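Only one structure is covered here, and it is reproduced in the block below.
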Amino acid sequence: MNKKNWYVLLTRSRFENIVHDSITKKSIETFLPKIRTISKRKDRSVMIDVPLFPGYLFVKTSSDPAHQLRILKTTGAVRLLGYNNGPVPVPEDSIESLKI
């Protein structure tokens, strides 16, 4: 079994929550950092949670292409960020600092 690393997954616009929920149902660890902000409506202001990085979420998977394909087959998932030779892992301490 390959060691699991965090990767950045690009999603379709405004599909972050849908992709997050779908991948979580596949028993794959995900992380979608959110911030609370004020949304102005015509008649009121509402506090809502929005993604910290719109269009992106983090997934923890191995570098095995079969595992990554399961993620990419999710509705709304576009690609894992990286170079021509494959996706680039995100350091574990970067994810931990975002969780704080």
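Remember, it's a predicted structure, so these values are computed and weren't measured experimentally.
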Transitively linked via ILVMFWY side-chain contacts under 4.5 Å: Leu52 with Val50?
yes
For a side chain to side chain contact (heavy atoms under 4.5 Å, CB included) check, start with the C-alpha distance between Val90 and Val8, then their side-chain angles and the critical distance, and finish with the verdict.
CA-CA 7 Å; Val90 177; Val8 179; 3.5 Å; yes
Taking atom OG of Ser63 and atom NZ of Lys4, what is their separation to the nearest 0.5 Å?
11.5 Å
If a pair satisfies salt bridge (Lys or Arg N to Asp or Glu O under 4.0 Å) and one of its residues is in residues 7-20, list it, with sequence neighbours excluded.
none
Run the side chain to side chain contact (heavy atoms under 4.5 Å, CB included) check on Val46 and Ile38 step by step: do they pass?
CA-CA 6 Å; Val46 181; Ile38 296 174; over 6 Å; no
Indicate every side-chain donor-acceptor pair of residues 77-85 with a distance under 3.5 Å to a residue at least two apart or in another chain.
none

For Ile18, which residues count as a side chain to side chain contact (heavy atoms under 4.5 Å, CB included) partner, sequence neighbours excluded?
Phe15, Ser22
Closest approach of Val88 and Tyr7, non-hydrogen atoms and distance?
O-CD2, 3.6 Å
Contact check, side chains of Leu10 and Tyr56, non-hydrogen atoms, under 4.5 Å:
yes
Has Thr11 got a side-chain atom pairing as donor or acceptor with Gly55's backbone, closer than 3.5 angstrom?
yes
Grab the two heavy atoms, one from Pro89 and one from Asn5, that are nearest each other, plus how far apart they are.
CB-CB, 3.7 Å
Kindly write out the residues that satisfy side chain to side chain contact (heavy atoms under 4.5 Å, CB included) with Leu69, not counting sequence neighbours, or none if the list is empty.
Lys73
Spacing of Met47 atom CE and Ser39 atom OG [to the nearest 0.5 Å]
10.5 Å
Test salt bridge (charged side-chain N to carboxylate O under 4.0 Å, His left out) applied to Glu92 - qualifying residues, sequence neighbours left out
Lys60
CD1 on Ile23 to OG1 on Thr61, rounded to 0.5 Å
9.5 Å
Please list, one pair per line, the donor and acceptor atoms closer than 3.5 Å that link side chains of residues 26-36 to other protein atoms, with sequence neighbours excluded.
from  : atom 1 : to    : atom 2 : distance (Å)
Lys26 : NZ     : Arg70 : O      : 2.8
Lys26 : NZ     : Thr74 : OG1    : 2.9
Thr30 : OG1    : His20 : NE2    : 3.1
Thr30 : OG1    : Thr24 : OG1    : 3.1
Lys34 : NZ     : Asn17 : OD1    : 2.9
Arg36 : NE     : Asp49 : OD1    : 3.4
Arg36 : NH2    : Asp49 : OD2    : 3.4

Determine whether more than 12 heavy atoms belonging to other residues, nucleotides or ligands lie under 6.0 Å from atom NZ of Lys40.
no
Contact check, side chains of Trp6 and Val59, non-hydrogen atoms, under 4.5 Å
no
